[in-house]
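In what follows, a single structure is set out as structure tokens and then discussed.
Residue numbers begin at 1 in each chain, while the letters A, B, ... track the order of the sequences.
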Amino acid sequence: MNARAPKGTSDMLPDVARAWEHLQRVAQELFALYGYEPVYTPLFEHTDVFTRGIGEATDIVSKEMYTFEDKGGRSITLRPEGTASVVRASLEHNLTANGAQAKLYYAGPMFRYERPQKGRMRQFWQIGIECLGAPEPTADAEVITVLWRYFESLGIPSTNMRLLLNSMGDEACRPAYRDTIASFIRGHAADLCDECSRRADTNPLRAFDCKDPACREVMAGAPLLRDELCEECATHYAAVKAHLDALDIPYIEDSTLVRGLDYYTRTVFEVQVDAGLGSQNAIGGGGRYDRLMQEYGGPATPGLGFALGFERTLLALEAAGVQIPAVPRAEVFVARVDDSVTAEVFALSQRLRDAGVAAELDHQARSLKSQFKQADRLGARLVVIVGPEELAAGEVTLRDMSTKEEKRLALDSATADVIAALGEEGTD
RNA sequence: GUGGGUGUAGCUCAGUUGGUUAGAGCGCCGGACUGUGGCUCCGGAGGCCGCGGGUUCGAGUCCCGUUACCCACCCCA
């Protein structure tokens with residue numbers, strides 16, 4: 001057989017898995033400050049949850065979904081992102097009925113069939129929040145602030161990051177602007193790449209995203225939505241910016257920021273970093289999606305949220321030289337001098353563990369020397385040495401690994417004495 | 001889907017113009033007067049040299065194919 005993880009996936013061995021848990025722990029603590037609660041939705045959904053929500057013409061839906069038919073003949077798709085599922089679940093369970101607000105966060109793997117490269121995997125992890133039922137611009141500013149604070153609290157210097165902000169308008173002003181851009185593109189088709197020319201009919205706004213120098217030059221002269229927002233959108237956008245200003249969140253307005261999902265309305269944003277990420281420089285992003293729940297047949301319910309990628313965040317952390325806090329694998333190592341004391345070693349280890357102390361022992365019963373090496377590697381602060389000599393006196397030896405001091409403990413009170421010794425150590 | 005790069009011990013890599021038992025560092029295991037760590041020293045285990053063909057007296061080293069990974073384009077987290 002092929003003992004290899006599928007293309008675009010990777011095993012997260014302990015070093016990486018620890019970092020993963022750190023990212024989640026920091027997120028949970030931060031999100032709780034803002035009142036967000038956890039939610040777990042299925043890793044797969046009925047395909048139309050994504051086709052209707054994200055949009056048929058988007059790259060995600062048109063070429064990146066893991067879609068298959070299950071044995072019941074249903075079309076099933078592995079989730080390529082989190083928002084659609086959360087909104088679907090909120091509708092299904094009426095979380096926002098009668099004007100209620102729901103603040104939810106999720107974390108887990110997403111799936112997109114793409115060619116892997118730096119910062120891009122077929123199975124990748126995202127953590128995100130969704131704020132449903134809140135049309136107010138303070139909600140926009142809050143969500144953006146949570147994203148920014150998250151990266152800050154992980155230790156990414158704010159000077160390494162930039163927050164891009166834009167408004168995509170709503171149903172009142174975007175269609176007209178869309179037409180404007182479409183005809184602008186048709187008018188300049190000769191100077192644009194094939195892809196962009198085609199975009200006139202499918203997704204004209206995306207032409208702003210093209211990296212082709214010729215296209216960029218042409219699009220630099222295109223009319224901007226910023227100048228054609230309807231009054232409500234303009235007011236909302238101005239308020240969002242004012243709230244961010246008040247919190248000193250340093251955004252950069254980017255009228256070419258057009259995110260690749262159809263459901264966005266009004267506010268969209270993205271956090272980018274330069275170092276460490278290759279060409280995938282966005283570590284998080286999101287926006288407002290006031291029409292998404294209606295798209296699923298529910299009542300008009302505003303909402304917005306963000307998602308951030310674990311793999312990319314980790315790359316950004318590495319580039320910034322941030323160390324993930326290491327957790328010692330053992331506080332105490334119980335060493336045995338020879339096989340005659342195996343039973344006592346095993347029993348004492350368990351008593352320590354039952355008392356809440358991380359205790360380790362060597363099942364292989366190697367030499368005392370190698371047990372000490374092991375204790376050292378595990379980061380144990382104390383080693384309890386159990387040997388025939390001290391056992392005959394009903395005692396064990398306790399060694400402090402940093403001071404090298406040793407003392408005898410009565411076996412009967414060893415657990416309490418070890419805990420006391422750990423306590424003393426912790427205070428200095 | 002397109003293009004480029006790389007595949008040699010657990011990890012990071014050397015391997016000269018093809019030539020005898022394929023190397024280093026780190027890690028791992030053991031030892032240094034034998035019940036004790038982090039330094040140093042000594043020893044040891046561990047390699048279908050990605051896979052399949054071909055050229056050759058002889059290929060890790062050249063040629064062809066294939067596959068995997070990496071990076072880039074597209075796009076996004």
Next on the checklist: More than 12 heavy atoms of other residues, nucleotides or ligands under 6.0 Å from CD of A/Glu37: yes or no?
Outcome noted: no
Quickly work out the [X] [atom1] to [N] [atom2] distance and round it to whole Å.
X: A/Met161; N: B/rA77; atom1: CE; atom2: C1'; answer: 16 Å
X: A/Glu390; N: B/rU36; atom1: CD; atom2: P; answer: 12 Å
X: A/Lys407; N: B/rU36; atom1: NZ; atom2: P; answer: 22 Å
X: A/Phe310; N: B/rC76; atom1: CZ; atom2: C1'; answer: 17 Å
X: A/Lys7; N: B/rC70; atom1: NZ; atom2: C1'; answer: 10 Å
X: A/Glu130; N: B/rA77; atom1: CD; atom2: P; answer: 12 Å
X: A/Gln371; N: B/rC28; atom1: CD; atom2: P; answer: 16 Å
X: A/Phe372; N: B/rU36; atom1: CZ; atom2: P; answer: 8 Å

Considering every strand and a 4.0 Å limit on heavy-atom distances, what is the contact class for [X]: base, sugar-phosphate, or nothing?
X: A/Ile385; result: base
X: A/Gln123; result: nothing
X: A/Ser370; result: sugar-phosphate
X: A/Met110; result: nothing
X: A/Ala375; result: nothing

Counting only side-chain heavy atoms from C-beta out, which of [options] sits nearest to [X]?
X: A/Arg399; options: B/rC74, B/rU36, B/rG31; answer: B/rU36
X: A/Lys373; options: B/rC29, B/rG37, B/rA72; answer: B/rG37
X: A/Arg4; options: B/rA68, B/rC76, B/rG35; answer: B/rA68
X: A/Gln280; options: B/rA77, B/rC74, B/rG37; answer: B/rC74

Can you tell me if [X] uses its side chain to pair, donor with acceptor, with the backbone of [Y] under 3.5 Å?
X: A/Arg312; Y: A/Gly119; answer: yes
X: A/Tyr264; Y: A/Leu304; answer: no
X: A/Asp400; Y: A/Thr403; answer: yes

Item to check | A/Glu360 and its salt bridge (charged side-chain N to carboxylate O under 4.0 Å, His left out) partner, picked from A/Arg381, A/Arg353, A/Arg377 | outcome: A/Arg353
Next on the checklist: When you compare the ring of A/Trp125 with the six-membered ring of B/rA77's base, are the centres less than 5.5 Å apart and the planes under 30° from each other?
Outcome noted: no
Is [X] close enough to [N] that one of its side-chain N or O atoms is under 4.0 Å from OP1 or OP2 there?
X: A/Arg115; N: B/rC70; result: no
X: A/Arg120; N: B/rC70; result: no
X: A/Lys369; N: B/rG37; result: yes
X: A/Lys118; N: B/rC70; result: no
X: A/Thr397; N: B/rG35; result: no
X: A/Ser367; N: B/rG31; result: yes
X: A/Gln117; N: B/rC71; result: no

Checklist entry - How about A/Tyr263 and A/Tyr289: are their ring centroids closer than 6.0 Å? => result yes
Interatomic distance at [atom1], [N] relative to [M], whole Å:
N: B/rG27; M: B/rG46; atom1: C1'; value: 12 Å
N: B/rG35; M: B/rG30; atom1: P; value: 15 Å
N: B/rG15; M: B/rG60; atom1: C1'; value: 8 Å
N: B/rA32; M: B/rC49; atom1: C1'; value: 36 Å
N: B/rU21; M: B/rG25; atom1: P; value: 23 Å
N: B/rU20; M: B/rC13; atom1: P; value: 26 Å
N: B/rG18; M: B/rC69; atom1: P; value: 32 Å
N: B/rG58; M: B/rA22; atom1: C1'; value: 16 Å

Item to check | Side-chain donor/acceptor of A/Glu114 to base of B/rA77, under 3.5 Å | outcome: yes
Checklist entry - At their closest point, which heavy atom of A/Pro109 faces which heavy atom of A/Trp125, and how far apart are they? => result CB-NE1, 3.8 Å
Checklist entry - Do NZ/NE/NH1/NH2 and the carboxylate oxygens of A/Arg162 and A/Asp274 come within less than 4.0 Å? => result yes
Checklist entry - Could you spell out the base pairing of RNA chain B in dot-bracket, with Watson-Crick or G-U pairs whose two distances are under 3.5 Å, [ ] crossing and | to another strand? => result (((((((..((((.....[...)))).(((((.......))))).....(((((..]....))))))))))))....
Checklist outcome for this item: Applying salt bridge (charged side-chain N to carboxylate O under 4.0 Å, His left out) to A/Asp290 and not counting sequence neighbours gives A/Arg288
Next on the checklist: A/Ile76 vs A/Glu69, test: side chain to side chain contact (heavy atoms under 4.5 Å, CB included). Steps then yes/no.
Outcome noted: CA-CA 6 Å; A/Ile76 297 295; A/Glu69 190 173 283; over 6 Å; no
